Enquirer: 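Please read through the structure below; I'll follow up with questions.
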Amino acid sequence: MATVPAATSTGQDIAQRLMADGYVVVTGMMADEDVQAARADLGRVLSATPTGRNPFEGFSTQRVYALFAKTRTFDQAAIDPLLQDVMTRVLGHHQLSAPVGIRIGPGEAAQILHRDDSIYPVPEPHPPLVVNTMWPLDEFTAENGATRFIPGSHAWEPGRTPTPDDPVEQAVISPGSAMFYLGSLWHGGGANQTGQPRLGVILEYAAGWLRQQENHLLAVPRATVRQLPERLQELLGYNIYPPFVGYVNGSHPRKALAADE
Ligand SMILES: O=C(O)CCC(=O)C(=O)O
């Protein structure tokens, strides 16, 4: 797998690899103590999180939606300067779209391969609309459900879909790293053939002019949002796509957020 260290890589390097290969693994994105804190806090959240309702979510898989309403342990990751630089280079003006904790339980089947950007009805080929980042909080192994993906599939000709002959790789990655992948890369969660769950968090970003996959304005209470760093508030949707998409009563949504109601 294409792997580069955060400490010696620039946003330009990472964005170039991402655009060329459809994915890139960046090591050293999260300190050990932050991984442990995130794992512990998500364990708390997961103790009250149901399993999935359909094969896509996974009947033995738990998904933590409304992530930024439930934990503070990904606030810094979401606004990490290197990550933000990559997103700006690839997506331009961008926002958080679908941040989700995903714990694939023992016995779970492989998720269907899909493209994250296929939810938007934009004809192919199109410029990058979505970039996802997967943050493993357990060791991802071939056996416990490491994310599956088809290298090169981000550049397939319009209309092509996976066949059993397409080579599938798995993101065998360690906590502390983050795998960046384009929304056009065919991928999916792996089957968990072990007796232990596999926990990871996706922080998915989308171009700023699209509708966010999750409606964070309703998912995260305003009292919570007011406590967050301003950049995270913007990424959750309290922002303008220039010149004025997203205004509130003719003003920047930051003003509505600050209003006492
Ligand atoms: O959990 C994973 O490895 C990937 C999950 C995924 O792609 C999704 O749920 O959209």
Side-chain angles (χ1 to χ4, degrees), residues 1 3 18 22-26 29-30 35 38-39 42-43 45-46 49-67 70-71 74 77 96-120 128-151 153-154 161-162 166 168-194 196-206 210-216 219:
M1 295 188 68
T3 300
L18 181 58
Y23 74 97
V24 57
V25 177
V26 185
M29 290 291 290
M30 196 184 251
V35 168
R39 207 167 177 281
L42 282 177
V45 175
L46 284 157
T49 301
T51 47
R53 299 157 293 186
N54 53 56
F56 186 85
E57 289 187 324
F59 292 114
S60 299
T61 294
Q62 295 163 282
R63 295 172 77 90
V64 179
Y65 296 116
L67 188 78
K70 298 176 182 171
T71 182
F74 271 86
L96 270 165
S97 184
V100 187
I102 303 176
R103 187 159 75 178
I104 300 182
E108 182 64 85
Q111 187 185 41
I112 190 166
L113 295 171
H114 58 280
R115 281 177 154 168
D116 288 332
D117 64 10
S118 67
I119 60 170
Y120 297 116
L129 302 176
V130 171
V131 174
N132 214 330
T133 58
M134 167 57 90
W135 302 71
L137 295 177
D138 289 315
E139 289 291 338
F140 275 22
T141 68
E143 295 75 31
N144 76 359
T147 310
R148 303 161 70 230
F149 63 98
I150 304 179
S153 58
H154 64 294
T161 54
D166 289 311
V168 175
E169 286 190 21
Q170 280 190 275
V172 175
I173 51 179
S174 297
S177 60
M179 174 166 154
F180 290 65
Y181 53 103
L182 293 177
S184 51
L185 187 78
W186 285 89
H187 72 282
N192 188 344
Q193 298 156 325
T194 72
Q196 299 300 319
R198 184 232 74 177
L199 178 60
V201 168
I202 50 173
L203 298 180
E204 181 180 328
Y205 296 81
L210 287 165
R211 180 153 191 211
Q212 292 159 296
Q213 197 172 322
E214 183 163 20
N215 185 335
H216 307 294

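Indexing begins at 1, ligand by ligand and atom by atom, following the structure's order. Here the structure is a predicted model, which is why all the values come from computation and not from measurement.
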Enquirer: Which heavy-atom pair separates Ala146 from Val172 by the least distance, and what is that distance?
Expert: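 Looking at all heavy atoms of both residues, the shortest contact is CB-N, 4.3 Å.
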Enquirer: Is the closest heavy atom of Phe140 to ligand 1 under 4.0 Å?
Expert: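 Under 4.0 Å: no for Phe140.
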Enquirer: With atoms numbered from 1 as shown, which atoms in ligand 1 lie under 4.0 angstrom from a non-hydrogen atom of His187?
Expert: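 Contacts of ligand 1 toward His187, numbered from 1: 7 (O).
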Enquirer: Do Glu108 and Thr61 meet the criterion of a side-chain donor-acceptor pair at a distance under 3.5 Å?
Expert: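 There is such a pair (donor and acceptor under 3.5 Å, judged by atom type) between the side chains of Glu108 and Thr61.
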Enquirer: Nearest protein heavy-atom contact for atom 3 (O) of ligand 1: which residue, which atom, what distance?
Expert: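 Residue, atom and distance for the closest contact: Thr147 OG1, 2.6 Å.
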Enquirer: Less than 4.0 Å between a side-chain N and a carboxylate O, is that true for Arg103 and Asp138?
Expert: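 Salt bridge: no.
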Enquirer: Compute the ring centroids of Tyr23 and His187, then answer whether they are less than 6.0 Å apart.
Expert: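 Here the rings of His187 and Tyr23 have centres that are no less than 6.0 Å from each other.
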Enquirer: Near Met134, which atoms of ligand 1 are under 4.0 Å from a heavy atom of that residue?
Expert: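 In order of number, 1 (O), 2 (C), 3 (O).
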Enquirer: When you measure from atom 10 (O) of ligand 1 to every protein heavy atom, which one gives the shortest distance, and what is it?
Expert: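 Of every protein heavy atom, His114 NE2, 3.0 Å lies nearest to atom 10 (O) of ligand 1.
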Enquirer: Checking side-chain polar atoms at under 3.5 Å, does Glu57 have a donor or acceptor matched by the opposite partner on Tyr65?
Expert: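 Yes, because at least one side-chain N or O of Glu57 sits under 3.5 Å from a partner of the opposite role on Tyr65.
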Enquirer: Taking atom types as modelled, find out whether Gln170 and Arg148 have a side-chain donor-acceptor pair closer than 3.5 angstrom.
Expert: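 Their side chains do not contain a donor-acceptor pair, so the 3.5 Å distance test is not met.
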Enquirer: Give the numbers and elements of all ligand 1 atoms closer than 4.0 Å to a heavy atom of Phe56.
Expert: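 Every atom of ligand 1 under 4.0 Å from some heavy atom of Phe56: 10 (O).
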Enquirer: Against heavy atoms of Arg63, which atoms of ligand 1 measure under 4.0 Å?
Expert: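 Listed by number with element: 8 (C), 9 (O).
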Enquirer: When you measure from the heavy atoms of Arg198 to every atom of ligand 1, does any distance fall below 4.0 Å?
Expert: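 Arg198 counts as a contact of ligand 1 under the 4.0 Å cut-off.
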Enquirer: In ligand 1, which numbered atoms sit nearer than 4.0 Å to a non-hydrogen atom of Ile102?
Expert: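 Numbered from 1, ligand 1 contributes 1 (O), 5 (C), 9 (O).
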Enquirer: Could you verify whether a donor N or O on one side chain and an acceptor N or O on the other, from Asn192 and Asn144, lie under 3.5 Å apart?
Expert: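 Judged by distance alone, the side chains do not pair up.
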Enquirer: Side chains of Met134 and Phe149: does their closest heavy-atom pair fall under 4.5 Å?
Expert: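 No, their side chains stay 4.5 Å or more apart.
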Enquirer: Decide whether an N or O pair under 3.5 Å exists between Tyr181 and ligand 1.
Expert: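 Among all N and O atoms of Tyr181, none is under 3.5 Å from an N or O of ligand 1.
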Enquirer: Report the part of Glu57 (side chain from C-beta onward, or backbone N, CA, C, O) that has a heavy atom under 4.0 Å from ligand 1; answer both or neither where that applies.
Expert: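 No part of Glu57 is near ligand 1 at this cut-off.
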Enquirer: Return the closest protein heavy atom for atom 5 (C) of ligand 1 as residue, atom name and distance.
Expert: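 The closest one turns out to be Gln111 OE1, 3.4 Å.
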Enquirer: Closest non-hydrogen protein atom to atom 4 (C) of ligand 1, residue and atom name please, with distance?
Expert: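 For atom 4 (C) of ligand 1, the nearest protein heavy atom comes out as Gly189 N, 3.6 Å.
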Enquirer: Any side-chain donor paired with an acceptor under 3.5 Å for Glu139 and Ser174?
Expert: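 Yes - a donor-acceptor pair under 3.5 Å links their side chains.
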